[in-house]
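First the proteins, then the strands, lettered A, B, ... as listed; each starts at 1.
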Amino acid sequence: MLDPNYVRENLDSVRAALAARNFPTAALDHFAELDAERRRVNSEADAVNHERNNASKEIGALMQAGKKTEAEAKKAEVAGLKGRQTELEKQRDEADAAMRDLLSGLPNLPAEDVPVGPDESANVEIRRWGTPREFDFEVKDHVDLATDLGILDLERAAKVAGARFAILSGFGAKLERALVNFMLDVHTRDHGYKETLPPLIVNRDTLFGTGQLPKFEEDLFTLTDERGFSLIPTAEVPVTNYHRDEILDASGLPLKFVAYTPCFRSEAGSYGRDTRGLIRQHQFEKVELVKLCLPEESDREHEDLTANAEKILQLLELPYRTVVLSTGDMGFSARKTYDIEVWLPSQNTFREISSCSNCGDFQARRMGTRFRRAGGAKPEYVHTLNGSGLAVGRTWIAVIENYQQADGSIVIPDALRPYMNGVEQIAKA
RNA sequence: GGAGAGGUAGCCUAAUUGGUAAGGCAGUAGUCUUGAAAACUACCGCGGGAAACCGCUUGCAGGUUCGAGUCCUGUCCUCUCCGCCA
């Protein structure tokens with residue numbers, strides 16, 4: 001959520017920023033009048049309220065003093081205010097709701113150093129690590145490799161659940177589990193994150209807080225339960241919301257969480273995209289990094305978080321590059337996003353394996369997550385950050401494809417071997 | 001699923017037949033002190049405002065009333081017992 005005061009004072013630059021995100025700016029056409037109306041009605045309702053409060057207090061005093069007739073006279077006087085008050089409160093609620101509807105649908109404003117462009121073609125590569133391996137045989141993709149090895153069964157998954165589901169088995173399942181444990185260990189032991197295991201089902205307030213609602217309901221799996229539950233699309237949702245409607249002590253910041261969870265996405269609208277293999281699934285596993293921090297530290301924390309995610313790929317010796325997303329390619333809640341893309345030999349290209357975003361105070365404002373500096377200062381909104389560290393399924397793909405051998409077997413990266421009970425290679429049984 | 005108890009500011013605890021949230025601890029600033037402690041003073045839920053001040057706040061949402069922590073309805077959460085259960 002944008003700060004209404006900021007929007008009021010910077011309407012033109014907000015309009016330009018939204019346009020850079022390909023966001024229709026028509027909604028802002030009514031901002032000024034809506035804002036003025038809201039503030040006018042609010043102060044008027046306040047004034048009437050004040051009048052009534054005073055009268056009620058006087059009645060109370062008269063009753064205490066035993067002056068019944070005077071109290072009755074005062075009551076009759078106050079009764080006339082009631083209709084006007086009800087009307088004003090109704091107007092105020094409507095104006096507030098209209099403003100909230102307007103603001104809650106607007107995406108975050110891009111940071112100043114985000115490249116401006118229409119879509120992913122304007123993303124800018126900022127660094128590259130490792131060198132893609134030279135293969136002296138024809139590479140296979142992860143579907144052929146893993147299916148042949150008997151560690152992946154997509155056909156039966158389609159029978160059990162449907163398209164975009166998978167069954168991992170044997171060393172395939174073990175590799176997934178090894179990756180999860182490896183990532184959690186690195187982030188907790190070396191990077192100082194606190195491991196958490198959040199609910200996989202969340203309510204609507206939580207979804208609003210991180211920005212999934214009201215605009216992206218169709219991306220979620222929502223339960224038929226009347227409580228409005230949805231399956232989480234990412235651990236960012238429950239974890240960032242841990243401190244919703246709280247005022248934190250500044251001395252406790254930054255808070256750094258790492259959470260391993262399954263994630264569930266409807267993938268509505270992505271029909272025909274990445275239909276083969278594990279790239280795009282309705283259910284996948286992810287280790288997620290989340291930070292709540294001071295505003296002045298979020299840029300640095302963002303760099304650190306991205307480096308923490310990259311470290312996993314370095315330890316697994318998987319080549320990758322990091323790109324900064326352009327204004328036209330960023331997510332709703334982000335003010336700046338780095339995508340980390342891992343090398344996939346079968347596609348001869350880099351594919352997203354992590355997305356690390358600084359959301360500034362955008363989510364904090366929706367959640368009501370604030371902090372207070374020492375000395376009893378006014379509460380301020382925290383900054384929130386999140387990033388995959390990493391998408392486990394896609395890491396699994398990267399390991400399978402990058403470590404494939406001519407005979408179709410897979411060499412286990414050194415860093416993972418302790419997590420595989422010393423297994424060094426997955427070969428056909 | 002059945003029965004019962006409860007939710008007041010960071011924590012603890014009050015509030016008469018409904019009269020407009022009292023107090024303690026912790027915390028912050030200051031006085032005093034070589035320094036600290038103690039004592040004393042102020043602040044000490046949220047929002048707006050330069051300020052004066054105003055509005056909001058007893059889990060949440062409604063209702064009755066001039067006025068609701070208090071009465072009524074719904075709902076969420078916590079706890080206890082019974083049943084069921086990984």
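Along RNA chain B, the nucleotide nearest to A:Asp93 and the one nearest to A:Gln85 differ in position, and the one closer to the 5' end is contacted by A:Asp93. Closest-nucleotide positions on RNA chain B for A:Gly60 and A:Ile247 were compared, and the one nearer the 5' end corresponds to A:Gly60.
Looking at the side chain of A:Ile59, the nearest of the listed nucleotides B:C46, B:G47, B:G19 is B:G19.
Taking atom P in both B:A9 and B:U58, the straight-line distance is 10 Å, to the nearest Å. Remark: the separation of the P atoms in B:G27 and B:A36 is 15 Å, to the nearest Å. Rounded to whole Å, the C1' atom of B:C11 lies 29 Å from the corresponding atom of B:G18. Rounded to whole Å, the P atom of B:A51 lies 30 Å from the corresponding atom of B:A68. A distance of about 25 Å separates the C1' atoms of B:U64 and B:G6, rounded to the whole Å. For B:G59 and B:C79, the C1' atoms lie 15 Å apart once the distance is rounded to whole Å. On the C1' atoms, B:G67 is 28 Å away from B:C76, given to the nearest whole Å. For the P atoms, the distance linking B:A15 with B:C71 amounts to 13 Å, nearest Å.
Interatomic distance, CG of A:Asp414 versus CG of A:Leu315, reported as 11.0 Å (0.5 Å rounding). Between A:Leu344 atom CG and A:Ile353 atom CD1 the span is 7.5 Å, to the nearest 0.5 Å. The structure places CZ of A:Arg100 at 11.5 Å from CG of A:Leu34, a figure rounded to the nearest 0.5 Å.
Atom P of nucleotide B:G47 and atom OH of A:Tyr381 are separated by 8 Å, given to the nearest angstrom. A:Met63 has its CE atom 12 Å from the C1' atom of B:U65, to the nearest Å. Rounded to whole angstrom, the span from the CG atom of A:Leu248 across to the P atom of B:G10 amounts to 12 Å. Across the protein-nucleic acid pair, A:Asp245 atom CG and B:A9 atom P stand 15 Å apart, rounded to whole Å. Residue A:Phe371 contributes atom CZ, which lies 22 Å from atom P of B:G27 at whole-angstrom precision. B:A26 atom C1' lies 12 Å from atom CG of A:Asp249, rounded to whole Å. With rounding to whole Å, A:Glu246 atom CD is found 18 Å from B:G59 atom P. The CZ-P distance, from A:Arg370 to B:G10, rounds to 11 Å in whole Å.
Checked by atom type, the side-chain pair A:Thr322/A:Glu310 shows a donor-acceptor distance below 3.5 Å. Under 3.5 Å, the side chains of A:Arg366 and A:Thr210 contain no donor-acceptor pair of N or O atoms.
The number of heavy atoms from other shown groups lying within 6.0 Å of OH (A:Tyr419) is above 12. Crowding of A:Glu155 atom CD: a count of heavy atoms from other residues, nucleotides or ligands under 6.0 Å not exceeding 12.
In this structure, A:His302 and A:Tyr338 have parallel ring planes: the angle between them is below the 30° cut-off, well short of the 60° mark.
A:Ser230 pairs in a side chain to side chain contact (heavy atoms under 4.5 Å, CB included) with only one of the listed residues (A:Asn203, A:Leu220, A:Leu223, A:Leu213), which is A:Leu220.
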Quiz item: With the sugar-phosphate defined as primed atoms, P, OP1 and OP2, and the base as all remaining atoms, what B/S/- string results for nucleotides 50-57 of chain B, 5' to 3', for protein heavy atoms under 4.0 Å?
Solution: ----SSS-
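For the pair A:Lys256 and A:Tyr193, the cation sits on the ring face: its NZ or CZ lies under 6.0 Å from the ring centre, inside 45° of the axis.
With pairs defined as Watson-Crick or G-U wobble and both atom distances under 3.5 Å, the stems of at least three pairs that touch RNA chain B come out as B:1-7 with B:76-82, B:10-12 with B:23-25, B:27-31 with B:39-43, B:45-48 with B:53-56, B:59-63 with B:71-75.
Distances shown here put a side-chain N or O of A:Arg372 below 4.0 Å from the OP1 or OP2 atom of B:C46.
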